[in-house]
Enquirer: 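My structure is below; once you've seen it, I'll send some questions.
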There are 2 protein chains.
Amino acid sequence: MLYFIGLGLGDEKDITVRGLEAVRKCKRVFLEMYTSILATPKERLEELYDKKIEVADRETVESNADLILNNAHEDDVAFLVVGDPFGATTHTDMILRAKQRGIPFSVIHNASIMNAIGCCGLQLYNYGQSVSICFFTETWRPDSFYDKIAFNVKGGLHSLCLLDIKVKEPNLDAMMRGKVVYDPPRYMTVNQAVEQLLEVSDKKRDAGETPVYDRKTIAAGLARVGQSDQRIISGTLEELLTADFGAPLHSLVLAGTMHILEIEMLASFAVNPQTFVPLLESHR
Amino acid sequence: MLYFIGLGLGDEKDITVRGLEAVRKCKRVFLEMYTSILATPKERLEELYDKKIEVADRETVESNADLILNNAHEDDVAFLVVGDPFGATTHTDMILRAKQRGIPFSVIHNASIMNAIGCCGLQLYNYGQSVSICFFTETWRPDSFYDKIAFNVKGGLHSLCLLDIKVKEPNLDAMMRGKVVYDPPRYMTVNQAVEQLLEVSDKKRDAGETPVYDRKTIAAGLARVGQSDQRIISGTLEELLTADFGAPLHSLVLAGTMHILEIEMLASFAVNPQTFVPLLESHR
């Protein structure tokens, strides 16, 4: 049996009781570590599970998935995923392969940023499509998020922005010299995301368009959601440019049309309470 | 301390280890039981937690929340919620009140239908806004879901339909006779939801419009997501009209534009595999 087990967003104790029982009876335990980050050292998990954990990096999961799948025909194998097992396309791909090869499998769900984001106060059913913000480089500044946000704005919907993670990325200079060297991991901050968002909206304005969001747009930045030192700060994009969110992972939400309960909840995280006064008053 | 604890979607073992530790040290334990249903008898929870559980119905949560909040100033109190604590507006409202009154609180996240829906194979970042389908009555047939689905369709996005739950609804006839009698609980089935969806799209067609979905639209019906007897059936809306999903809770997803991986995964749940053949071929 192959168990796909969501670990949730916090530390070793955010696994479910069902998940814990499953992992404890597994012969091999793999941990996917490149689409998200674990909020606690791997050793803490090993201690609670009483199991040795093998880290599965991008190469293992995407190119050598058989290594994991093959074991599951006869033995119990666990594939651990930060958040929920259906959070990333690559996990769905592995579940599909298990299904196609007739390998018995079981999915144990958990919280992920896609539902835990509700903690900022903006109600989940008022979100449109989520968008990904990738690190801009000198030569590559993909701004497809803008059109998706524009679409959400048109429907009065909130936009969850998932911020880029670069883990175990091969260094291009080294690669050209025929060597495999990995860059240190990078996690986009809320500040960087807002900077990139505003670069794109400024460009729209310079081109004569009225951008769908700007420095005055209400938003919430979130860091380490579901962890004990979680931080939520709300304000205008301008205010979030310089707010300090601390360690990764960060997420960002642009607010669409808000109900009074959403405004009240969001306002409770304000970096500058004055920002929300007119919004609150217009609803009273 | 007031603990808002998500129970996830399955039985008593779907609480997280953190949630279990918290509830075990609480003096009073409330369980919200009207925005969703618990997949297991309350007694199973009580046994695992080693605690007596008080059921909090709509009246308690919406009108007498102070009863729950007041205890949390001095004692540890747990408020248990099926799914995630931020799944329903009414929970957010209670969290906001705790915050405003300076009651220390802690949120323990878990899976909810909003992220576990990924199990049908349609990727979470390709969903638009979710829609609610309410039971039609003789005189009240609210179809605001149609415009929301139409909006999602325009963006090529999937639509999660949350199906109506009627628990502890006062019986209107009895009410007019001055008595309080509650109707038996009702949970909308996928079949009923599809029937209502098609009633509305047929009406659009009769009025000369081209509806944004019809009998041929690809969809997935899901029942008891995250439970051991979970059922996922995909096909056209017409095919889902008569598919048997068994006991509640049910959910429905209308597919937007799909990537090949999404089609492959969805096809693996087909009531009629032939339905997916042209879709799969057009992507190969």
Side-chain angles (χ1 to χ4, degrees), chain A residues 6 8-21 48 83-89 92-93 95-96 99-100 106-119 121 123-132 148 151-152 154-155 157 160 162 225-226 259 261-262 264-265 268, chain B residues 6 8-21 48 83-89 92-93 95-96 99-100 107-119 121 123-132 148 151-152 154-155 157 160 162 225-226 230 259 261-262 264-265 268:
Chain A
L9 296 168
D11 62 25
E12 73 278 10
K13 289 189 177 172
D14 288 287
I15 194 170
T16 64
V17 173
R18 176 183 313 286
L20 182 60
E21 285 182 359
L48 178 66
D84 183 74
F86 288 97
T89 315
T92 304
D93 184 56
I95 291 169
L96 184 62
K99 216 171 160 172
Q100 286 167 341
S106 175
V107 173
I108 299 174
H109 289 288
N110 211 321
S112 64
I113 190 66
M114 301 301 279
N115 71 336
I117 193 70
C119 64
Q123 296 293 304
L124 290 178
Y125 54 82
N126 292 331
Y127 281 75
Q129 61 193 319
S130 58
V131 306
S132 294
K148 291 183 179 180
F151 185 81
N152 289 343
K154 205 183 290 175
L157 301 166
L160 166 61
L162 301 166
V225 170
H259 302 161
L261 178 68
E262 293 180 296
E264 284 182 328
M265 188 77 176
S268 73
Chain B
L9 297 168
D11 61 25
E12 72 278 10
K13 289 191 177 170
D14 288 286
I15 194 170
T16 64
V17 173
R18 176 182 313 285
L20 182 61
E21 285 182 358
L48 178 65
D84 184 74
F86 287 98
T89 316
T92 305
D93 184 56
I95 291 169
L96 183 62
K99 216 171 161 173
Q100 286 166 342
V107 173
I108 300 175
H109 289 288
N110 210 322
S112 64
I113 191 67
M114 302 302 278
N115 71 336
I117 193 70
C119 65
Q123 296 292 303
L124 290 177
Y125 53 83
N126 292 330
Y127 281 74
Q129 61 193 318
S130 58
V131 305
S132 293
K148 292 185 179 178
F151 185 82
N152 289 343
K154 207 185 286 176
L157 301 167
L160 167 61
L162 301 167
V225 169
Q230 158 180 311
H259 301 162
L261 178 68
E262 293 180 295
E264 284 183 329
M265 188 75 174
S268 73

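The chains referred to below are lettered A, B, ... by the order of the sequence lines, with proteins before strands, and numbering in each begins at 1.
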Enquirer: Ignoring hydrogens, what is the shortest heavy-atom contact between B:Thr92 and A:Gln123? Give both atom names and the distance.
Expert: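 For B:Thr92 and A:Gln123, the tightest heavy-atom pair comes out as OG1-NE2, 3.0 Å.
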Enquirer: Looking at B:Gly8, B:Cys119, B:Gly128, B:Gly155, which one has more heavy-atom pairs under 4.5 Å with chain A than the rest?
Expert: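 Looking at each option in turn, the highest pair count goes to B:Cys119.
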Enquirer: At a 4.5 Å cut-off on heavy atoms, which part of A:Glu12 comes close to chain B: side chain, backbone, both, or neither?
Expert: neither
Enquirer: Which answer fits A:Asp11, side chain, backbone, both or neither, if we ask what part of it has an atom under 4.5 Å from a heavy atom of chain B?
Expert: both
Enquirer: Is any side-chain heavy atom of A:Asn110 closer than 4.5 Å to one of B:Asn110?
Expert: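 Heavy-atom side-chain distance check passes, below 4.5 Å.
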Enquirer: Can we call the ring centroids of A:Tyr127 and B:Tyr127 under 6.0 Å apart?
Expert: no
Enquirer: Do you know the tightest heavy-atom contact between B:Phe151 and A:Leu157?
Expert: CE2-CD1, 3.8 Å
Enquirer: A:Leu20 versus chain B, heavy atoms under 4.5 Å apart: side chain, backbone, both or neither?
Expert: side chain
Enquirer: Under the side-chain hydrogen bond (donor to acceptor under 3.5 Å, both in side chains) rule, collect the residues that match up with A:Asp84, sequence neighbours excluded.
Expert: A:His109
Enquirer: If I measure from the heavy atoms of chain B, does A:Glu264 come under 4.5 Å with its side chain, its backbone, both, or neither?
Expert: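 Interface part for A:Glu264: both.
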Enquirer: For the atom pair CD1 (B:Ile113) and CG (A:Leu124), what is the distance rounded to the nearest 0.5 Å?
Expert: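 Rounded to the nearest 0.5 Å, the CD1-CG separation comes to 12.0 Å.
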Enquirer: Enter the distance from B:Asn152:CG to A:Gln129:CD here, rounded to the nearest 0.5 Å.
Expert: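 Going from CG on B:Asn152 over to CD on A:Gln129, the span is 9.0 Å.
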Enquirer: Report the residues that fulfil side-chain contact (heavy atoms from CB on, under 4.5 Å) with A:Ser130, sequence neighbours left out, ordered by chain and then residue number.
Expert: A:Met114, A:Leu160, A:Leu162, B:Tyr125
Enquirer: What is the minimum heavy-atom distance between A:Asp93 and B:Leu261, and which atoms define it?
Expert: OD1-CD1, 3.6 Å
Enquirer: Side chain, backbone, both or neither: which part of A:Ile15 has a heavy atom under 4.5 Å from chain B?
Expert: both
Enquirer: Measure the spacing between CG of A:Leu96 and CE of B:Met265 and express it to the nearest 0.5 Å.
Expert: 6.0 Å
